[in-house]
Amino acid sequence: MLQVQEIRENKEAYITALKKRGIDANEVLNAVIKADEQRRTTQAQLDETLAESNTLSKEIGNLFKSGRAAEANVLKEKTTVLKEASKTLSDDLNNTAEELQKLLYTIPNIPNTLVPAGTDENDNKETFREGDIPVLADGAMPHWELAKKYDLIDFELGVKITGAGFPVYKGKGARLQRALIAYFLDKNTSAGYTEYQVPHLVNEASGFGTGQLPDKEGQMYHVGVDDLYLIPTAEVPVTNMFRGDLVNESDLPITCTGYTPCFRREAGSYGAHVRGLNRLHQFDKVEIVRIEHPDNSYKALDGMVDHVVEILRELELPFRILRLCGGDLGFTAALTYDFEVFSTAQDRWLEISSVSNFEAFQANRLKLRFKDSDGNNRLAHTLNGSSLALPRVLAGILENYQTPEGIKIPKVLVPYCGFDMIS
RNA sequence: GGAGAGUUGGCAGAGUGGUCGAAUGCGGCAGUCUUGAAAACUGUUGAGGGUCACACCUCCAGGGGUUCGAAUCCCUUACUCUCCGCCA
């Protein structure tokens with residue numbers, strides 16, 4: 001959520017920046033400013049009425065104490081009028097504040113200057129590419145066929161016990177998953193991130209805090225009887241651990257990592273692009289989250305990008321980095337880098353990580369602040385990134401490492417797997 | 001599922017109708033002392049709105065009520081804890 005004061009001060013710049021998202025924000029920003037002015041006017045009137053009322057109350061109290069009940073009763077009548085007035089004003093204020101809040105919820109974050117204009121993924125800007133795309137032998141298969149051939153993943157069994165999009169990992173497939181999780185967590189903790197295990201269900205307040213609610217509840221599974229949501233990413237519980245906190249400047253940065261399953265309803269298309277592991281309702285992910293000083297957040301973002309690069313380099317997977325364009329940028333993000341691994345057998349790029357700086361957008365909703373050296377309370381910046389999303393990494397490994405003899409295991413994973421070949 | 005007790009400032013924890021935005025402790029900040037640090041001592045320190053700055057207003061879990069006046073009394077919702085039951 002944007003801050004009203006910032007909108008007031010930077011309206012024109014915000015309109016220009018939001019054009020990159022394909023949004024003409026002129027009208028809504030004007031509406032915000034107008035509602036805010038209305039709010040402040042009403043607030044001032046209410047304050048005045050209450051001040052008068054408070055003064056009278058004190059006088060009445062004093063009169064009663066000194067036994068002048070008759071005079072007190074005269075004043076009492078005055079307060080009745082003031083009470084009615086303040087009731088009306090307070091209702092007005094609530095309505096205006098609610099209206100303002102609703103408007104603010106509809107406005108996405110302001111894209112960073114680096115964000116290219118554009119409408120969809122075709123306008124994303126590739127900023128980096130590394131790794132050789134392997135030349136596969138004849139008869140190379142996509143991962144879902146490999147998974148079947150080597151009995152690593154059973155999609156049909158998942159359908160039987162739950163439904164489409166809930167695969168069952170089996171044998172060396174399950175072991176490889178576990179190895180990846182352990183390897184990712186080790187990489188993250190040795191880079192200084194503190195490991196957490198967090199709940200996989202969150203309450204409504206948490207959904208609001210990170211921006212999944214109120215607009216995107218359809219993307220989350222909702223447990224109605226208890227009014228809880230299955231997490232779509234560890235970002236939600238991890239970031240919300242700090243909701244409402246006021247920390248010391250010296251506590252920053254706060255860095256966390258955690259493994260969780262992720263649940264996404266993603267009612268959408270079915271077909272070739274969502275086959276196998278490409279798109280699932282439940283998948284595993286290791287996440288990194290940083291709470292940063294605003295002066296340091298972009299440096300931290302670069303650091304997170306470098307960190308993910310290192311992991312992909314160690315896995316020896318061909319990858320590229322995209323800077324998301326305005327149209328593809330998430331609602332809460334100011335700048336996002338997507339990582340994609342090349343799936344040789346499918347001949348396409350698969351997104352395996354997304355690293356974003358949300359600046360103060362989430363922190364404003366979360367009321368996540370720090371006390372700076374001048375004693376002022378300021379909103380912190382939040383960032384997060386996947387390191388990494390498991391299914392597509394698995395797909396990338398299966399497809400890129402396949403040989404006629406079997407699937408080789410990336411060197412760095414062998415100690416975690418206990419085997420170096422799936423055959 | 002049954003019974004009871006709670007929810008107060010960054011944290012812990014007093015406060016049962018006006019003098020309470022709130023004792024005290026911890027933490028934070030500043031200073032004294034010290035070569036420096038620690039300890040000790042002194043001072044200072046809740047948040048939001050509003051203002052050029054004051055004034056002023058709001059906030060003691062959320063919502064409603066009683067009262068001239070509510071952290072304090074009443075109703076209600078949520079959450080937490082303890083005991084019992086069930087259970088990994």
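Atom set for the values below is all heavy atoms of this structure, side chains included, hydrogens, waters and symmetry mates excluded. Within every chain, numbering begins at 1; the chains are lettered A, B, ... in the order of the sequence lines, protein sequences first and strands thereafter.
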Asker: Which whole number of Å gives the distance between the C1' atom of B:rC54 and that of B:rU34?
Answerer: 42 Å

Asker: Aromatic rings A:Phe166 and A:Tyr221: how do their planes relate, parallel, tilted or perpendicular, breaks at 30° and 60°?
Answerer: tilted

Asker: Which part of the nucleic acid does A:Asn377 contact within heavy-atom distance under 4.0 Å: base, sugar-phosphate only, or nothing?
Answerer: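 Sugar-phosphate contact only - A:Asn377 comes under 4.0 Å of backbone atoms but never of a base.
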
Asker: Given the P atoms of B:rC75 and B:rC20, what is the spacing between them in whole Å?
Answerer: 28 Å

Asker: If I pick the C1' atom on B:rC60 and the same atom on B:rU7, what distance separates them, to the nearest angstrom?
Answerer: 10 Å

Asker: Please state the C1' separation for the pair B:rU77 and B:rC83 - nearest whole angstrom.
Answerer: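 Looking at atom C1' only, B:rU77 and B:rC83 are 24 Å apart.
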
Asker: Just the rounded figure in Å: distance from C1' of B:rG9 to CZ of A:Arg369.
Answerer: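 Computing the A:Arg369:CZ to B:rG9:C1' distance gives 12 Å.
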
Asker: How far, in whole Å, is B:rG28 from B:rG9 if one measures between their C1' atoms?
Answerer: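 Per the computed distance, 13 Å lies between those C1' atoms.
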
Asker: Any chance you could list the contact pattern along nucleotides 49-60 of chain B? Use B for base contacts, S for sugar-phosphate-only contacts and - for none, protein heavy atoms under 4.0 Å, 5' to 3'.
Answerer: BSS----SSS--

Asker: Name the orientation class of the two ring planes belonging to A:Phe128 and A:Phe319 (parallel below 30°, tilted from 30 to 60°, perpendicular beyond 60°).
Answerer: tilted

Asker: With rounding to the closest Å, how many angstrom separate the P atoms on B:rG27 and B:rG18?
Answerer: 33 Å

Asker: Atom NZ of A:Lys367 to atom P of B:rG10: distance rounded to whole Å?
Answerer: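 The distance from NZ of A:Lys367 to P of B:rG10 comes to 14 Å, rounded to the nearest Å.
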
Asker: Between A:Asn248 and A:Lys83, who's closer to the 5' end of RNA chain B by nearest nucleotide?
Answerer: A:Asn248

Asker: Rounded to the nearest angstrom, tell me the gap between atom CG in A:Asp245 and atom C1' in B:rA47.
Answerer: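 Taking atom C1' of B:rA47 as the reference, CG of A:Asp245 is at 14 Å.
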
Asker: Evaluate the criterion salt bridge (Lys or Arg N to Asp or Glu O under 4.0 Å) for residue pair A:Glu52 and A:Lys78; output intermediate values, then yes/no.
Answerer: CA-CA 10 Å; A:Glu52 211 175 316; A:Lys78 273 194 181 174; over 6 Å; no

Asker: Roughly, in whole Å, what's the span from CZ in A:Arg365 to C1' in B:rG48?
Answerer: 19 Å

Asker: Verify the contact: side-chain N or O of A:Lys371 to OP1 or OP2 of B:rA47, cut-off strictly under 4.0 Å; return yes or no.
Answerer: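 Yes, within the criterion.
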
Asker: Could you give the CD-to-P distance, from A:Glu59 to B:rU67, as a whole number of Å?
Answerer: 21 Å

